[in-house]
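Step one of this worksheet: look at the structure below.
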Amino acid sequence: MVIEKICCLGAGYVGGPTCSVIAWKCPDIKVTVCDKSVERINQWNSEKLPIYEPGLDDVVQKCRGRNLFFSTDIAKSIQEADLIFISVNTPTKTIGNGKGRAADLKYIEGAARMIADLATSNKIVVEKSTVPVKAAEIIMKILRANTKPGVEYQILSNPEFLAEGTAIDDLVEAERVLIGGEDTPEGHKAIQELCWVYEHWIPAKNILTTNTWSSELSKLAANAFLAQRISSINSLSAVCEATGADVSEVARAVGRDSRIGPKFLEASIGFGGSCFQKDILNLIYLSECLNLPEVAAYWQQVVNLNDYQKNRFTRKVIESLFNTVSDKKIAILGFSFKKNTGDTRESPAICVSKTLLDEGAKLHIYDPKVETDQIYYELTHPQVTNEPEIVRKNIEIHRSAYSAVTGAHAIVLCTEWDEFKELDFKKIYTDRQYKGAGQSDLTLTCIYCEKLASFLTDNVLQLILYV
Ligand SMILES: NC(=O)c1ccc[n+]([C@@H]2O[C@H](COP(=O)([O-])OP(=O)(O)OC[C@H]3O[C@@H](n4cnc5c(N)ncnc54)[C@H](O)[C@@H]3O)[C@@H](O)[C@H]2O)c1
């Protein structure tokens with residue numbers, strides 16, 4: 001089989017960018033990205049894409065309508081495809097067995113059932129979503145139990161390692177592509193077919209092939225390791241504050257050890273995003289199911305430390321404002337979980353904002369890429385405790401950082417957007433002082449967030465808080 005047509009189920013942060021790059025790099029392959037959400041597909045077919053990702057617009061412009069299509073016609077796309085990526089969401093379960101930890105595989109199962117119902121010819125089905133180990137077995141069972149005469153399936157695991165904010169570069173210059181498959185002649189052949197797709201632009205030495213279960217586990221392991229580094233340095237930020245050591249100096253010194261390396265060693269408010277917490281919880285649940293409580297407890301601590309850091313940060317903000325933020329105007333700069341994305345899933349800014357709202361603060365929020373409705377949604381959806389009407393009354397969304405900070409008692413920098421480096425904090429402070437605010441020798445938000453602290457001098461740090 002030569003792959004001529006690819007279908008991708010799920011037009012989200014993974015399906016959209018990944019398939020856009022495949023279409024760009026493989027002009028001989030027709031790539032159709034499908035979603036159940038009509039709205040999402042309409043956005044992919046419009047001038048304003050549903051997600052912000054540097055470089056993505058250019059790639060989509062180059063290929064859309066040529067060999068890249070976004071469609072809700074899932075039946076047609078499945079039927080004509082040689083290879084189908086499953087890139088649907090795999091959130092943490094919110095009900096039932098494993099609630100709060102296990103991955104909810106209902107969308108994976110739904111996708112597998114769609115394929116089983118609709119496929120009329122042989123398919124290679126590729127699990128791109130992040131899943132617990134052995135999820136491919138579920139897909140395999142559903143497909144093989146419902147196979148139409150003459151239709152055969154091969155299931156591969158091909159987890160995605162892109163990071164939001166750098167997705168296009170990560171896909172184009174992938175350090176590694178991981179493909180797991182069955183250890184059978186048919187399995188090896190399917191692996192080779194998918195390798196051929198990636199070899200259009202990825203050097204063969206960067207494509208790793210493994211068995212299916214190693215591939216699935218490697219993705220969980222990679223995210224757990226990355227999150228663990230963040231929790232490790234954040235734990236040391238607390239020690240630094242208690243001792244007078246400087247966490248950025250410690251990180252620099254530790255990171256110079258080539259065995260450790262400098263990446264993911266920046267202290268922060270805590271990790272966010274749709275993946276780290278979900279995937280570690282998934283690993284914890286897996287360990288518990290395998291009767292490995294010590295392993296589960298080890299990884300649980302990475303999540304606990306992250307919660308501790310978010311709460312510690314917010315507590316410090318409140319303490320710095322004389323233990324009361326009631327009716328105080330607080331500017332929140334940045335709402336996405338990191339720079340260069342509009343994604344707010346699990347953003348630490350949500351936790352900080354919610355606590356400050358509970359304490360009666362008036363929040364003035366600005367983020368360069370997060371839509372106003374998204375901020376309201378995160379702070380008012382049913383799982384949050386704050387009353388939606390009260391929240392709406394107590395937050396104002398701004399179109400610029402300068403507008404948000406005007407007259408603020410405090411500025412809380414939650415996301416390390418580059419444009420915040422350019423802000424004239426001295427002028428902001430002077431303007432404020434001129435209006436009668438006193439001078440403070442307190443330092444605020446940057447204490448924990450080395451990413452932010454690195455562009456604010458010691459002097460400027462003192463200018464962040466007004467009392
Ligand atoms: N976001 C990341 O940075 C990232 C990185 C690596 C891996 N992952 C993993 O990739 C997967 C997808 O993540 P995402 O961030 O793209 O999620 P997402 O929520 O942005 O997108 C998933 C999409 O799948 C659609 N969908 C669900 N069931 C469907 C079906 N049966 N047919 C068609 N469409 C369907 C949903 O409508 C949604 O638009 C998850 O398992 C995630 O853990 C995410």
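Because only heavy atoms are used, hydrogens play no part in the values below, and waters and symmetry mates are left out as well, while side chains stay in. Every value quoted in this text rests on a predicted model; they were computed, and no experiment measured them. As the structure lists them, so they are numbered: ligands from 1, and atoms in each ligand from 1.
Nearest protein heavy-atom neighbour of atom 6 (C) of ligand 1: E160 O, 3.2 Å. Scanning the protein for heavy atoms near atom 7 (C) of ligand 1, the closest one is T130 OG1, 3.5 Å. Protein heavy atom in closest approach to atom 41 (O) of ligand 1: T90 OG1, 2.6 Å. When hydrogens are left out, the protein atom nearest atom 44 (C) of ligand 1 is V14 CG2, 3.2 Å; that is the closest non-hydrogen contact. The nearest heavy-atom contact from the protein to atom 42 (C) of ligand 1 is K278 NZ, 3.9 Å. Nearest non-hydrogen protein atom to atom 32 (N) of ligand 1 is K36 CG, 3.6 Å. The nearest heavy-atom contact from the protein to atom 27 (C) of ligand 1 is N89 OD1, 3.4 Å.
Shown in contact with L162 at under 4.0 Å from a heavy atom are these atoms of ligand 1, numbered in order with element: 3 (O), 5 (C). For ligand 1, the atoms lying closer than 4.0 Å to a non-hydrogen atom of G10 are 23 (C), 24 (O), 25 (C), 33 (C), 34 (N). Residue contact check: R345 has heavy atoms under 4.0 Å from atoms 1 (N), 15 (O), 17 (O), 18 (P), 19 (O), 20 (O) of ligand 1. Using a 4.0 Å cut-off to heavy atoms of K219, the atoms of ligand 1 that qualify are 6 (C). Taking a cut-off of under 4.0 Å to the non-hydrogen atoms of M114, the atoms of ligand 1 that pass are 31 (N), 32 (N). When each atom of ligand 1 is checked for a heavy atom of S274 under 4.0 Å away, the hits are 1 (N).
In S87, the part holding a heavy atom less than 4.0 Å from any atom of ligand 1 is the backbone. Of the heavy atoms in R113, none comes closer than 4.0 Å to ligand 1.
In this structure, D418 pairs ionically with K339, as a charged nitrogen and a carboxylate oxygen lie closer than 4.0 Å. At a threshold of 4.0 Å, the pair E164-K369 does not count as salt-bridged, since none of the basic side-chain nitrogens sits closer than that to a carboxylate oxygen.
With hydrogens and angles ignored, the 3.5 Å screen pairs a side-chain donor or acceptor of S71 with a backbone N or O of D73. Under the 3.5 Å distance criterion, the side-chain polar atoms of K148 are matched with a main-chain donor or acceptor of A116.
Of all the heavy atoms in A111 and I86, the pair that sits closest is CB-CG2, 4.0 Å. Taking both residues in full, the closest heavy atoms of C414 and I332 are given as SG-CG2, 4.0 Å, listed atom of the first, atom of the second, then distance.
Taking the ring axis of F337 as reference, the NZ or CZ atom of R345 does not stay both within 45° of it and closer than 6.0 Å to the ring centre. Both the sub-6.0 Å distance and the 45° axial angle are satisfied by R176 relative to the ring of F161.
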* Kindly determine whether L290 and V295 satisfy side chain to side chain contact (heavy atoms under 4.5 Å, CB included), including the steps that lead there. => CA-CA 10 Å; L290 296 170; V295 179; over 6 Å; no
* To do: Tell me, with the steps shown, if D82 and S121 meet side chain to side chain contact (heavy atoms under 4.5 Å, CB included).
  => CA-CA 8 Å; D82 306 306; S121 58; over 6 Å; no
* Asked: Which is it for E346 and K278 under the salt bridge (charged side-chain N to carboxylate O under 4.0 Å, His left out) test, yes or no, and what are the steps along the way?
  -> CA-CA 10 Å; E346 303 291 337; K278 159 176 91 70; over 6 Å; no
* Go through L105 and I138 one step at a time and tell me if the side chain to side chain contact (heavy atoms under 4.5 Å, CB included) criterion holds. => CA-CA 9 Å; L105 295 183; I138 300 172; 3.7 Å; yes
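Ligand 1 has an N or O atom lying under 3.5 Å from an N or O atom of Y13, backbone or side chain. Taking only nitrogen or oxygen atoms, main chain and side chain alike, E164 reaches within less than 3.5 Å of ligand 1.
Closest to atom 38 (C) of ligand 1 by heavy atom, among I51, I108, D35, is D35. Summarising the contacts of atom 12 (C) of ligand 1 with I86, V88, D279, the nearest heavy atom is found in V88.
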